[in-house]
Amino acid sequence: MPTVAYDEMRMPDGTVRSQYAFFADWLDRTSPERIKQKRGEAERAFHRLGITFAVYGEDAGTERLIPFDIIPRIVPAVEWQMLEAGLRQRVTALNMFLTDVFHDRNIVKAGVMAEERILGNAQYRPEMMGMNVPAGIYAHIAGIDLVRAGEGEYYVLEDNLRVPSGVSYMLENRKMMMRLFPELFSTQLIAPVEHYPDLLLENLRGVSPTTDEQPTVAILTPGPFNSAYFEHAFLAQQMGVELVEGQDLFVQDEHVYMRTTHGPQRLHVIYRRLDDDYIDPLVFRNDSMLGVPGLFGAYRAGNVTLANAVGTGIADDKSMYPFVPDMIRFYLSEEPILSNVPTYQLRKPDDLQYALDHMAELVIKEVHGAGGYGMLVGPASTTAERADFRERILAEPAKYIAQPTLALSTCPTFVDAGIAPRHIDLRPYVLSGKTVSMCPGGLTRVALREGSLVVNSSQGGGTKDTWVLGA
Amino acid sequence: MLCRTANELYWMARHIERAENTARLLDVTYRMSLLPYQVVEPGLAWAEPWSVPLVTNGLATAYYERYPVLAAENVLRFMSLDPANPSSICSCLRSARESARSVRGAITSEMYEDLNSAWLEVRQYDFDRVQAQGVSEFLDWVKMRSHLFRGVTFGTMLRDEAYHFIRLGTHLERSDNTARILDVKYHTLLPSAADVGGAVDYYQWGALLRSVSGFESYRKIYSDVITPFRVAELLILREDMPRSLHSSMTFIFDTLKLLSDRNTREVERQAGELHSRLRFGRMEQIIETGLHEYLMNFLERIGALSVAINRGFLVPSY
């Protein structure tokens, strides 16, 4: 069992860390009534603006607010520089790995990874073999989940290379904080994040399949019933591009067009917020009405760019995660700047035995799970839950990995009883195109239940603004 | 702009306008049903005032599937809050709100907030409350919500294609509905043709004018007794009367001039032709054709125009 978690704001002896000094000072100087008023103001504004997400498994169409906490997560500039370099390195290697998977498989030839790991992976898309994508970029938008276990000690918890969401909260949280604390922004050097939509648009335009005309970009959404629909609409509006559904597009002669009131309009880059399975019923799931028949054909013909590319799932799968440090060494000949969490692969008999013997200490996850579903947090589990999970693991060991329960760092957070430490993580968004770029910080997610380590919004997590503080 | 977006905006506007016009139609029926000297001859049940909102909207069959007899209370319930009736006020507001939600980025946040709150409010109504408060009060509320939404739209929205498609929807729906409301009088008038010019007739035309907010305008323009000839003129040919057919067609034609390109010129031409008939039409000729026949012909043409707009802009077949 981990001992005491790292507190982002205070040292073990209670002294405030230097990056938090001005905020602690603000908390001291401000009356509880005034703070209460600020928190109320934030909540009302989020309600009015309709910044909601839909919840699966409850009444269809239920819209909920993600709880927002007004105490920021503050990252000193030096730490961010290290993180930024690490993220850049990691995402670059992941894109190189994806290129390799779908072309020469040098990593297999070199004996670093068994070909079976690729071919046997449910996320492997043979349809992508031999296809060249603009700039060799597959994961144009990556959300890398980081946790901190100690001073300067960050781990990558997982890579999200398919359709990572949450960036709209990063932007809305910042807008809210600037409204609530104008005086703090005017006196502190807090790195801005508001240019994210511009970075994204530039990044997407940069991977257009053609250079002879101004590329037209659109966001493809599954529709208003998707849990992240607000974000799709938000990003389209912020970038000034169309938000399209499958029915708005059609393919002719391997080119993609939007149906507009002035006739067909060619589309060059599609930021698709739709899983691979749903994008083209002619190639993938044929029962899906969300995609566009012929889209994959146009993609393969090189007439449209999909961001992210088809097949990125093979690189962010939890069974591939343990290999990422090797990828960095293999493709870049560098040592990884960011560490992985030690991971037991339960397909291996030794690891399986270890995991079954230590269930109460480990976090056990489904290889293909996401959103905090299908996982067991050992220290927080009951005997019955463990017994149940054991059955499931034994039925299909290869479906699971296990990791030590990290002492995720905590950040002071407003809860019913006042201010209390709650566990947090950090998801920076890394954009890859002609260059790699990112906004300083990212989305900080917070597990609002006491002791909980699960930060996903679908599991009662909240969010905070993330401040990268200038030197 | 995307056809789907244009389509949703157009139908959002049509549904709001339809909710308002259903309220107006119920209002005129309600007022007429309160008048004395009702003449209902046996065998002419369709001439009973409460059948009018059903007949003019083609909802009689749907009504009789749900309610055994024709009764004021049932018709009001069916047309105001019945979710099973897709043309009820409640259903119209729901459809409008759903359209708005699916194209939120194309309208202003004030517009969405306004429509959302109208929907949240109408959900709070049940028929008992409508009756307890008074039917007229509920109908007035519907009209006010429609005014409010139009005002927010007018006051906040960029004059882009999205705005034009909203206007197109509003005025197509309105011209259709004004023609239908005007035709109501045809239905109630027929059995008592002998009474033309009598007291009942006067009150009936007065009620009709009030339902389209035209009573005061009539007085202002004609400063004289209410005659069917002038009421028809006011609601068909006067361009300065906001709910007249001529006025709506002017908006439709002007808007289509802005929207059409070489592929959609034919839609513009059709609207122009219909507009000219109103612009240069004469009342004497309309009476000669027969008011009912004239209105039926207009409804047919406006229906054809809707189909052409659909094909040209909203649901293209390529």
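Shown here are the ring-ring contact (aromatic ring centres under 6.0 Å, His included) partners of His171(B), two or more places apart in sequence or in another chain: Phe251(B). For Glu41(A), the side chain to side chain contact (heavy atoms under 4.5 Å, CB included) partners are Gln37(A), Arg44(A), Arg179(A), Leu180(A), not counting sequence neighbours.
Distance CG/Leu243(A) to CG/Leu2(B): 8.5 Å, rounded to 0.5 Å.
Within residues 265-285 of chain A, no residue has a heavy atom under 4.5 Å from a heavy atom of chain B. Using a 4.5 Å cut-off between non-hydrogen atoms, the part of residues 246-259 of chain A that approaches chain B consists of Gln247(A), Asp248(A), Phe250(A), Met258(A), Arg259(A).
Enclosure of atom CZ in Arg123(B) by more than 12 non-hydrogen atoms of other residues, nucleotides or ligands within 6.0 angstrom is indicated. Within 6.0 Å of the CZ atom in Arg159(B), the count of heavy atoms belonging to other residues, nucleotides or ligands exceeds 12. Arg279(B) CZ: 12 or fewer foreign heavy atoms inside a 6.0 Å radius. More than 12 heavy atoms of other residues, nucleotides or ligands lie within 6.0 Å of NZ in Lys257(B), so this atom counts as buried by the packing criterion.
In terms of heavy atoms, His262(A) sits closest to Leu259(B) at CE1-O, 3.3 Å. Taking both residues in full, the closest heavy atoms of Tyr229(A) and Val103(B) are given as OH-N, 4.5 Å, listed atom of the first, atom of the second, then distance. Taking each heavy atom of Arg4(B) and Glu245(A) in turn, the nearest pair found is NH1-OE2, 3.2 Å.
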*Pair Thr261(A)-Glu161(B), side-chain contact (heavy atoms from CB on, under 4.5 Å): steps then yes or no*: CA-CA 9 Å; Thr261(A) 52; Glu161(B) 259 192 290; 2.6 Å; yes
